[in-house]
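Everything on this sheet refers to the single structure shown next.
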Amino acid sequence: MNMLEFIQTRRDGGRHSEEDIKAFVAALTKAELPDYQVSAWLMAAFFQPLSLDETTWLTQAMAASGETLDLTGLPKPWVDKHSTGGVGDKTTIVLLPLLAACGLTMVKMSGRGLGITGGTVDKLESIPGFRTDLSPDEMIAQARRIGIAWTGQTPNLAPADKILYALRDATATVENIPLIVSSILSKKIAGGADVIELDVKCGSGAFMKDLKTAKALAQSLSEVAKRCGKEVHAVVTDMDQPLGRTVGNALEIVEAIEVLKGEKGRFRDLCVDLARRTLTITGKDPRLAGELLDNGKAFAKFKEWVEAQGGDPVIADDPSRLPVAPVIQEVLWQGDSGYAARVDAGAVGLAVVRLGGGRESKADRIDPSVGVEVRIEVGEPIKQGQPVFRVHAASETAAQEAAISLESAIKVSPQPVEMRPLVLAEF
Ligand code: URA
């Protein structure tokens with residue numbers, strides 16, 4: 001391929017052909033292109049965004065750049081769910097067993113957390129023995145047995161995205177919708193599912209801070225996935241306050257278990273809402289979502305899943321076997337009484353990263369035991385002196401620092417405040 005012409009076309013706002021994009025991805029995957037040329041193209045693509053056609057071709061070419069999961073023979077539908085990530089977002093841990101218990105084949109590859117948004121891999125690794133590195137053959141065998149094929153990211157699926165993403169990270173070209181869409185969807189398509197439920201998070205605790213950009217991303221993900229022949233449903237959901245009542249790896253596993261055992265609340269509401277939408281598009285009865293959480297079938301499937309991946313299933317009945325932090329400190333509200341107008345997910349996420357529960361850089365090790373319990377929701381009355389957070393920390397000093405930073409996460413209004421809806425838009 002002629003990389004110089006490819007860069008010039010992008011720089012001047014021209015259009016790439018499907019063949020050019022395929023040739024670019026092939027050369028990229030074979031490491032035939034110098035980083036400086038790929039970086040120049042990325043910056044040109046940042047300022048001259050790819051069209052929907054070009055984004056679709058890039059997605060397909062990246063999806064085909066490595067191994068793909070062949071699910072032939074497994075019961076249909078094959079469903080993947082994807083969240084763009086947020087503070088306290090543990091929906092995968094509930095939705096996979098819930099929807100598998102409803103008879104869907106759930107196929108999912110999850111990533112590690114970076115920055116304030118946690119990763120499902122880190123959360124599940126807090127379960128002693130839980131394997132996050134299943135091979136494609138192991139995934140398929142497990143899906144056949146229990147309806148769930150789940151693994152952490154493998155380097156062989158969509159390797160072109162891995163190369164491109166590393167360069168985007170190093171050249172300030174991550175925040176571009178066509179590049180984000182092709183990156184996310186190439187991995188989903190290589191994963192083999194034919195139905196994709198997309199949850200685009202919006203707010204201070206998410207990658208997309210404002211509704212306009214979150215909607216644009218959801219719409220574009222939905223459109224490109226359809227052009228790639230996938231059945232998709234995309235929603236934009238609130239991430240301005242933490243999701244649920246815990247943030248931190250082992251703490252979130254405990255909360256997910258409680259929801260799988262029937263606990264009610266805003267986090268369960270989101271899980272049920274997403275599950276109902278997925279059941280509806282796959283032609284199943286949406287009422288199953290709430291029923292299987294209440295009758296123990298989703299919980300039983302969770303135990304089966306933990307055991308199948310080598311984890312200790314006893315944690316499901318006895319979560320005290322999960323890592324526990326040595327220091328627990330209550331944070332009491334010092335300000336005026338009134339109504340909680342804001343519980344800033346971004347601030348809570350940052351406090352958890354500083355406690356050691358998240359990564360500031362890819363090489364950081366995380367502490368699965370630390371985190372924050374969030375004991376107030378937007379819209380609830382709040383009184384001076386009431387407990388608003390419970391910090392789980394590795395030391396007294398870390399707990400104290402977190403407690404101080406968390407005080408500024410809450411804003412109070414003297415007047416009643418309406419709760420933000422969970423689902424802000426759908427496509
Ligand atoms: N997640 C991805 O997988 N890719 C992006 O570009 C952004 C978020």
Side-chain angles (χ1 to χ4, degrees), residues 21 25 28-29 38-39 41-43 45-46 49-50 52 54-63 65-66 68-69 80-87 89 91-92 107-122 132 150-193 196-203 205-210 213-225 228 230 232 234-237 239 349 358-359 361-362:
I21 289 185
V25 172
L28 181 73
T29 312
V38 181
S39 303
W41 179 82
L42 282 170
M43 194 53 85
F46 188 88
L50 300 183
L52 276 175
E54 291 168 313
T55 310
T56 307
W57 298 327
L58 181 62
T59 305
Q60 288 168 329
M62 291 205 298
S65 65
T68 52
L69 220 56
D80 193 348
K81 66 85 52 180
H82 180 80
S83 154
T84 53
V87 174
D89 184 2
T91 45
T92 293
V107 197
K108 177 145 179 66
M109 196 175 63
S110 298
R112 291 187 182 278
L114 186 59
I116 58 169
T117 62
T120 304
V121 173
D122 300 315
T132 59
W150 179 90
T151 190
Q153 215 126 25
T154 82
N156 307 334
L157 236 70
D161 172 60
K162 199 164 189 276
I163 301 167
L164 214 53
Y165 193 87
L167 283 173
R168 285 169 60 207
D169 212 18
T171 56
T173 52
V174 170
E175 300 89 349
N176 172 271
I177 286 182
L179 296 178
I180 296 173
V181 167
S182 54
S183 168
I184 292 176
L185 289 181
S186 60
K187 288 171 287 205
K188 301 282 114 189
I189 290 166
I196 308 174
E197 177 75 43
L198 294 164
D199 179 7
V200 175
K201 299 277 181 211
C202 172
F207 193 39
M208 296 285 149
K209 309 283 181 214
D210 67 276
T213 4
K215 276 182 170 175
L217 176 61
Q219 191 160 18
S220 184
L221 279 165
S222 168
E223 182 58 38
V224 173
C228 293
K230 302 291 167 189
V232 253
V235 282
V236 177
T237 65
M239 189 29 79
R359 292 184 185 80
S361 83
K362 275 185 189 159

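Whatever order the structure lists them in is the order used to number ligands and atoms, beginning at 1. Basis for what follows: all heavy atoms, side chains included, without hydrogens, waters or symmetry-related copies.
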Test item: side-chain donor near acceptor, K201 and S83, under 3.5 Å: no
Which pairs count as salt bridge (Lys or Arg N to Asp or Glu O under 4.0 Å) when at least one residue sits in residues 165-186, sequence neighbours excluded? D169-K362
Short side-chain to backbone donor-acceptor contact, S222 and A218, under 3.5 Å: no
Contacts of type side-chain hydrogen bond (donor to acceptor under 3.5 Å, both in side chains), residue E223, not counting sequence neighbours: R227
I need the contact residues for ligand 1: any residue with a non-hydrogen atom closer than 4.0 Å to the ligand, ordered by chain then number. Y165, R168, I180, S183, I184, K187, F207
Smallest heavy-atom separation, I116 atom then V87 atom, equals O-CG2, 3.6 Å
Contact list for residues 180-192, test salt bridge (Lys or Arg N to Asp or Glu O under 4.0 Å), sequence neighbours left out: D80-K188, D161-K187
